[in-house]
Q: 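What follows is a structure written as structure tokens; I'll ask about it next.
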Amino acid sequence: MYRVTRQIFFSYGHRLLNYDGKCRNFHGHNGKVEVELAAEKLDARGMVFDFKDIKSVIKHWIDENLDHRMILHRKDPLLAALQKAGEPLYVMDENPTAEAIARLI
């Protein structure tokens, strides 16, 4: 089995609804995504997957949708005000926990 891993870094802000801790307030994080791909055999180029292709698909999507955006739950009471102000947002149907963001990616 062959494996390749690509790390992708991005920054985002969020807050959690119905949470009794510091994460109930707006705050930011520096996120790291590790994409691991595996294959039983290498392709004709001797690769599992070209790192350039991982970047063009996954990193591009993260940059366009999550990087330097506030990630919020659809029911966040401040969502409408932030949308009206033109703030860069990504809206989720669930609390934007690290686990939910990982599943999204």
Side-chain angles (χ1 to χ4, degrees):
M1 177 70 65
Y2 299 93
R3 298 180 194 283
V4 294
T5 303
R6 171 80 191 237
Q7 294 181 342
I8 300 168
F9 298 91
F10 68 106
S11 299
Y12 69 97
H14 75 150
R15 74 175 185 167
L16 303 179
L17 299 181
N18 304 313
Y19 182 78
D20 189 27
K22 290 181 180 181
C23 287
R24 72 180 179 269
N25 301 313
F26 288 121
H27 62 286
H29 292 282
N30 291 313
K32 178 176 83 170
V33 175
E34 289 188 5
V35 178
E36 182 178 278
L37 301 172
E40 291 292 327
K41 61 181 184 173
L42 301 177
D43 67 13
R45 302 170 296 179
M47 298 178 176
V48 170
F49 207 83
D50 191 332
F51 286 110
K52 175 178 57 94
D53 295 334
I54 296 171
K55 181 179 179 180
S56 71
V57 175
I58 298 173
K59 184 173 185 323
H60 176 75
W61 186 88
I62 290 171
D63 288 348
E64 291 294 313
N65 293 281
L66 302 179
D67 190 40
H68 285 85
R69 292 180 182 268
M70 187 62 70
I71 304 173
L72 297 175
H73 188 291
R74 184 168 310 287
K75 294 181 180 177
D76 192 301
L78 293 178
L79 180 61
L82 292 171
Q83 287 171 324
K84 185 176 180 182
E87 289 295 320
L89 304 168
Y90 188 90
V91 180
M92 298 181 69
D93 291 327
E94 58 190 317
N95 250 346
T97 61
E99 296 84 354
I101 294 168
R103 183 175 44 242
L104 171 68
I105 294 169

Q: Once salt bridge (Lys or Arg N to Asp or Glu O under 4.0 Å) is applied, what residue pairs with a partner in residues 96-105 remain, sequence neighbours excluded?
A: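 Only Glu94-Arg103 qualify under salt bridge (Lys or Arg N to Asp or Glu O under 4.0 Å).
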Q: With rounding to the nearest 0.5 Å, note down the distance linking OG1 in Thr5 to CD1 in Ile54.
A: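 So the gap between those two atoms works out to 8.5 Å.
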Q: Side chains of Leu66 and Leu104, heavy atoms from C-beta outward: is any pair under 4.5 Å?
A: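 A side-chain contact exists here, since the closest heavy-atom pair is under 4.5 Å.
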Q: What's the shortest heavy-atom distance between Leu79 and His73, and which atoms?
A: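 Here Leu79 and His73 meet closest at CD2-O, 4.3 Å.
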Q: CG of Leu37 to CG of Asp50: how many Å apart, nearest 0.5 Å?
A: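 Going from the CG atom of Leu37 to the CG atom of Asp50 covers 11.0 Å.
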Q: Looking at Ala38 and Arg3, what are the two nearest heavy atoms and their distance?
A: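 Shortest heavy-atom contact: CB-NH1, 3.7 Å.
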Q: At what distance, to the nearest 0.5 angstrom, does CZ of Phe49 lie from CD of Glu36?
A: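 Nearest 0.5 Å value for the CZ-CD distance: 14.0 Å.
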Q: Answer whether the closest heavy-atom distance between the side chains of Ile105 and Phe10 falls below 4.5 Å.
A: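 Ile105 vs Phe10: side chains touch.
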Q: Quick check for you: to the nearest 0.5 Å, what is the distance between Glu64 atom CD and Lys59 atom NZ?
A: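 Atom-to-atom, Glu64:CD and Lys59:NZ are 10.0 Å apart.
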Q: Please answer whether the main-chain N or O of Val33 pairs with a side-chain N or O of Arg6 as donor and acceptor at a distance below 3.5 Å.
A: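 The answer is no, because no donor-acceptor pair under 3.5 Å joins these two groups.
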Q: Report whether Trp61 and Ile58 are members of the same hydrophobic cluster (ILVMFWY, side-chain heavy atoms less than 4.5 Å apart, transitive linking).
A: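 Both belong to a single hydrophobic cluster.
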Q: Could you walk me through whether Val48 and Leu42 satisfy the side chain to side chain contact (heavy atoms under 4.5 Å, CB included) test, starting with their C-alpha distance in whole Å, then the side-chain angles of each, then the deciding distance to 0.1 Å, before giving a yes or no?
A: CA-CA 5 Å; Val48 170; Leu42 301 177; 3.8 Å; yes
Q: Under 4.5 Å between side-chain heavy atoms, counting indirect links through other Ile/Leu/Val/Met/Phe/Trp/Tyr residues: same cluster for Tyr90 and Leu78 or not?
A: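 Cluster IDs for Tyr90 and Leu78 differ.
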Q: Look at the side-chain heavy atoms of Ile, Leu, Val, Met, Phe, Trp and Tyr, link any pair under 4.5 Å apart, and say whether Leu17 and Met92 land in one connected group.
A: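 Looking at the clustering, Met92 is in a separate group from Leu17.
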Q: From Asn95 CG over to Lys75 NZ, what is the distance, rounded to the nearest 0.5 angstrom?
A: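 So the CG of Asn95 and the NZ of Lys75 are separated by 11.0 Å.
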Q: Phe9, Ile62: one ILVMFWY side-chain cluster at the under-4.5 Å cut-off?
A: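 No, Phe9 does not connect to Ile62 through the hydrophobic network.
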Q: Decide if atom OH of Tyr2 counts as having more than 12 heavy atoms of other residues, nucleotides or ligands within a radius under 6.0 Å.
A: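 No, because the 6.0 Å sphere around OH of Tyr2 holds 12 heavy atoms or fewer from other groups.
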Q: Look at the side chain of Asp43 and the backbone N and O of Arg45, then say whether any donor-acceptor pair between them is shorter than 3.5 Å.
A: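 Answer holds: yes.
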Q: Are Leu72 and Arg15 side-chain neighbours, meaning at least one heavy-atom pair lies under 4.5 Å?
A: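 In contact.
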Q: Mind checking salt bridge (charged side-chain N to carboxylate O under 4.0 Å, His left out) for Glu34 and listing every partner two or more places apart, or none if nothing turns up?
A: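 Testing Glu34 for salt bridge (charged side-chain N to carboxylate O under 4.0 Å, His left out), a comparison that skips the adjacent residues, returns Lys32.
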Q: Considering non-hydrogen atoms only, spot the tightest contact between Tyr12 and Ile101 and give its length.
A: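 Scanning both residues completely, I find the closest heavy atoms to be CE1-CD1, 3.7 Å.
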Q: I'd like a table of donor-acceptor pairs (distance under 3.5 Å, sequence neighbours excluded) in which one partner is a side-chain atom from residues 23-30, with atom names and distances.
A:
residue: Arg24; atom: NH1; partner: Gly21; partner atom: O; Å: 2.9
residue: His27; atom: ND1; partner: His14; partner atom: O; Å: 3.4
residue: His27; atom: ND1; partner: Asn25; partner atom: O; Å: 2.7
residue: His27; atom: NE2; partner: His14; partner atom: NE2; Å: 3.0
residue: His27; atom: NE2; partner: His29; partner atom: NE2; Å: 3.0
residue: His29; atom: NE2; partner: His14; partner atom: NE2; Å: 3.2
residue: Asn30; atom: OD1; partner: Ser11; partner atom: OG; Å: 2.8

